[in-house]
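It should be emphasised that the depicted structure is a prediction, and the values quoted were computed from it without experimental measurement.
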Amino acid sequence: MSCIAAIVSYPLTHFVASLAQRWGFVDRPDGHHKSHKKPVALGGGLAVFLAAVVTFAVEYFSSENLQESLHDNAPFLSGLLLACGWIVVLGLIDDRYGMKGRYKLVGQTIAALIVIASGLEIQAFSLFGQKIQLGWFSVPFTLFWLVGAINSLNLLDGIDGLATTIGIILCSAITVMALWFGQPAVAIVSAVFAGALLGFLRFNFPPATIYLGDAGSMLIGLIVGSLAIGASLKGPATVAMAAPLAIWSLPMFDSFIAILRRKLTGRSIYATDRGHLHHRLMARFGKNTRVLGVVALCCAVTCTGALLSMFMQNDLLAVGSVMLVICILVATQIFGHVEFLMLANRMKSVGMSVIKPSTKSGSWQSSVRLQGTREWDMLWQSLIEYAEKSQLVEVLLDLNLAAIQEAYHASWKRRTRCERRELWRTEVPLFVDQHVVGRLTVAGEREEGQPVCDMVSRLMELLAVLEADIVSLASTQRLEVAGSLPEVGSTKGDPLAASAASSIPSSPPPHATIAP
């Protein structure tokens with residue numbers, strides 16, 4: 001069935017891509033987050049969905065044996081089909097018109113609830129030989145799993161062919177798992193979907209002529225998330241959890257690090273950035289195909305560990321394969337290293353504030369280069385010097401210039417006797433052209449006899465210099481990197497003094513510092 005699905009998917013994808021280009025349903029470069037050189041067709045998710053549905057329908061209605069073998073799973077298959085159709089429509093609307101994150105989350109939740117209503121529910125799971133009954137938490141747990149799966153693939157879909165390649169590997173592993181646990185319906189669906197993705201990959205492989213879009217990446221997440229649970233059912237509703245966790249470990253780890261990074265930098269969890277696994281790999285290896293190879297190898301290791309743990313009934317093999325991949329990524333500073341340093345800095349800052357009384361004077365600061373190679377500390381020190389000479393008690397700088405692949409986050413705090421409600425606070429967006437590339441948040445004490453508006457006015461004079469430097473740097477660097485940018489969005493940012501900006505030296509890989 002996989003071969004048939006691939007054969008059906010190939011011409012169908014070509015047809016959808018042609019229609020998308022004709023109707024203007026394309027992803028256009030914006031010089032900020034989207035740096036591909038020309039408009040690329042969208043609608044890949046629709047092509048994959050139609051190819052899988054057509055293949056499965058033809059095989060199902062032409063084979064009485066297949067109908068008999070799948071009869072007991074008809075409610076689940078019908079619910080999954082309905083949920084997939086819903087998620088594809090939701091994704092197409094988002095691809096065409098854009099959609100706020102919370103609205104998209106509501107749509108994803110509806111799709112997950114449809115699957116749960118069809119009979120897929122984790123009522124219990126086994127891990128390391130222990131069976132855990134979820135009881136009232138079974139529906140929330142299943143819902144969390146499915147919505148997390150949808151979003152983890154959606155977040156990873158950042159370069160040509162990546163989500164498609166991951167989907168093929170995961171579906172192949174699920175097919176083997178389903179056959180082992182005696183789940184023929186899941187095995188057939190996953191095999192058909194893997195074939196549909198394989199036929200689509202010919203057009204999505206770098207340089208892509210059609211993108212999956214949100215419709216495709218969310219579809220893969222929903223399908224694989226649902227089938228990973230369905231394939232690992234040992235009993236009526238008991239899931240052998242080690243294998244699905246290992247299979248999903250790489251997308252889930254990327255999502256966890258993204259949420260951690262955004263929370264630590266004060267950004268919305270729905271904010272886009274260029275700190276995902278594929279962006280870090282692109283910065284290290286500089287070529288889409290190499291990134292695909294590395295990600296495919298990581299997924300192959302975790303999926304192999306999942307299958308071995310299932311065959312040998314040893315959950316440690318699954319967990320060990322996951323820990324091996326994560327430790328290599330963090331230890332080599334490819335991915336996750338910066339975020340863990342930021343977390344350590346935050347914990348150290350909290351510890352210092354608890355250990356030292358608030359009545360004592362003193363300040364502490366932390367800075368981290370999230371992406372890029374430029375040295376930001378010199379410019380950050382200029383802001384700190386201004387803050388220490390003024391009545392400021394807090395400064396937070398967060399920069400994210402995607403077009404020139406730089407991102408920087410720094411914070412400074414001074415102890416104060418004032419209550420929080422007595423402090424003035426302002427947050428200023430920083431612009432390059434029409435794009436918001438960062439924010440500066442400042443809080444301070446009111447000087448005796450000095451209106452707060454005068455203090456803010458002086459601060460604005462400093463901000464004028466800061467924003468002018470960012471505009472100047474972005475304009476210069478965009479020209480330098482325009483010819484070498486890969487077919488993927490990226491990030492950058494830069495602060496203060498113009499004289500310092502022109503003489504900043506290059507620096508080693510991402511690092512974080514904290515100075516009490």
Side-chain angles (χ1 to χ4, degrees), residues 1 49 52-53 55-57 59-61 63-90 106-127 131-153 167 170-171 173-194 218-245 247-248 306 310:
M1 282 194 182
F49 174 68
V53 170
T55 302
F56 187 84
E59 291 292 329
Y60 181 81
F61 290 110
S63 172
E64 292 185 0
N65 292 332
L66 184 61
Q67 293 177 29
E68 292 177 2
S69 63
L70 300 183
H71 180 268
D72 293 340
N73 297 102
F76 167 65
L77 296 177
S78 300
L80 184 61
L81 175 63
L82 179 60
C84 289
W86 167 264
I87 209 73
V88 168
V89 172
L90 181 73
V106 171
Q108 294 167 352
T109 302
I110 292 173
L113 288 174
I114 293 173
V115 175
I116 293 172
S118 70
L120 185 72
E121 183 179 342
I122 308 173
Q123 297 180 5
F125 65 87
S126 61
L127 192 63
K131 184 176 180 179
I132 300 174
Q133 295 285 348
L134 293 175
W136 291 98
F137 295 100
S138 60
V139 171
F141 187 86
T142 309
L143 181 64
F144 176 79
W145 172 272
L146 293 175
V147 173
I150 293 170
N151 282 289
S152 62
L153 247 300
L170 300 191
C171 283
I174 289 172
T175 302
V176 177
M177 188 188 307
L179 292 173
W180 176 263
F181 280 111
Q183 303 289 343
V186 174
I188 291 172
V189 172
S190 58
V192 168
F193 197 69
M218 291 195 297
L219 174 66
I220 296 174
L222 177 63
I223 287 282
V224 179
S226 301
L227 298 184
I229 295 301
S232 54
L233 286 171
K234 295 173 62 177
T238 301
V239 177
M241 206 64 185
L245 285 174
I247 285 177
W248 266 111
M310 179 184 64

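In this structure, the separation between CG on L81 and OG on S118 is 11.0 Å, given to the nearest 0.5 Å. Summarising the geometry, atom CG belonging to N73 is positioned 7.0 Å from atom CD belonging to Q183; distances are rounded to the nearest 0.5 Å. Between atom CG of residue L219 and atom CG of residue L153 there is a gap of 9.5 Å, rounded to the nearest 0.5 Å. Here the CG-CG distance, from L146 to L113, works out to 9.0 Å after rounding to the nearest 0.5 Å. Between Q108 atom CD and L90 atom CG the span is 7.0 Å, to the nearest 0.5 Å. Rounding to the nearest 0.5 Å places CD1 of I223 at 6.5 Å from OG of S226.
Under the 3.5 Å distance criterion, the side-chain polar atoms of S63 are left unmatched by any main-chain donor or acceptor of Y60. Under a 3.5 Å cut-off, the side chain of S152 and the backbone N or O of A149 do form a donor-acceptor pair. With hydrogens and angles disregarded, no donor-acceptor distance shorter than 3.5 Å links the side chain of S138 to the backbone of L134.
By the ring-ring contact (aromatic ring centres under 6.0 Å, His included) test, F137 is found to be paired with no residue, residues two or more places apart in sequence or in another chain being considered. W86 meets the ring-ring contact (aromatic ring centres under 6.0 Å, His included) test with no other residue; sequence neighbours excluded. Residues meeting the side-chain contact (heavy atoms from CB on, under 4.5 Å) test with I114, sequence neighbours left out: L82, A83, I110.
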Exercise for the section: Please report the C-alpha distance between F193 and F56 in whole Å, then the side-chain angles of each, then the deciding distance to 0.1 Å, and finally whether the ring-ring contact (aromatic ring centres under 6.0 Å, His included) criterion is met. Expected result: CA-CA 9 Å; F193 197 69; F56 187 84; over 10 Å; no
Practice task
In sequence, state the C-alpha distance, the side-chain angles, and the governing distance for I132 and L127, and then conclude on side chain to side chain contact (heavy atoms under 4.5 Å, CB included).
Solution key: CA-CA 8 Å; I132 300 174; L127 192 63; 5.6 Å; no
Exercise for the section: Report the C-alpha distance between E121 and F141 in whole Å, list the side-chain angles of each, state the deciding distance to 0.1 Å, and finish with yes or no for side chain to side chain contact (heavy atoms under 4.5 Å, CB included). Expected result: CA-CA 9 Å; E121 183 179 342; F141 187 86; over 6 Å; no
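Of all heavy-atom pairs spanning C84 and F49, the tightest one is CB-CE1, 3.7 Å. Looking at every heavy atom in both residues, A173 comes nearest to I247 through CB-CD1, 4.2 Å. Between L222 and A111 the shortest heavy-atom distance is CD2-CB, 4.4 Å. Of all heavy-atom pairs between M241 and I229, the closest is CE-CD1, 4.5 Å. L227 approaches V186 most closely through the heavy-atom pair O-CG1, 3.6 Å. Heavy-atom minimum distance, S232 versus V239: OG-CG1, 3.2 Å.
Using a 30° and 60° split on the angle between ring planes, W145 and W248 fall in the perpendicular class, above 60°.
The number of heavy-atom neighbours closer than 6.0 Å to CZ of F144, taken from other residues, nucleotides and ligands shown, is 12 or below.
A 4.5 Å side-chain heavy-atom check between V53 and V192 finds every atom pair outside the cut-off.
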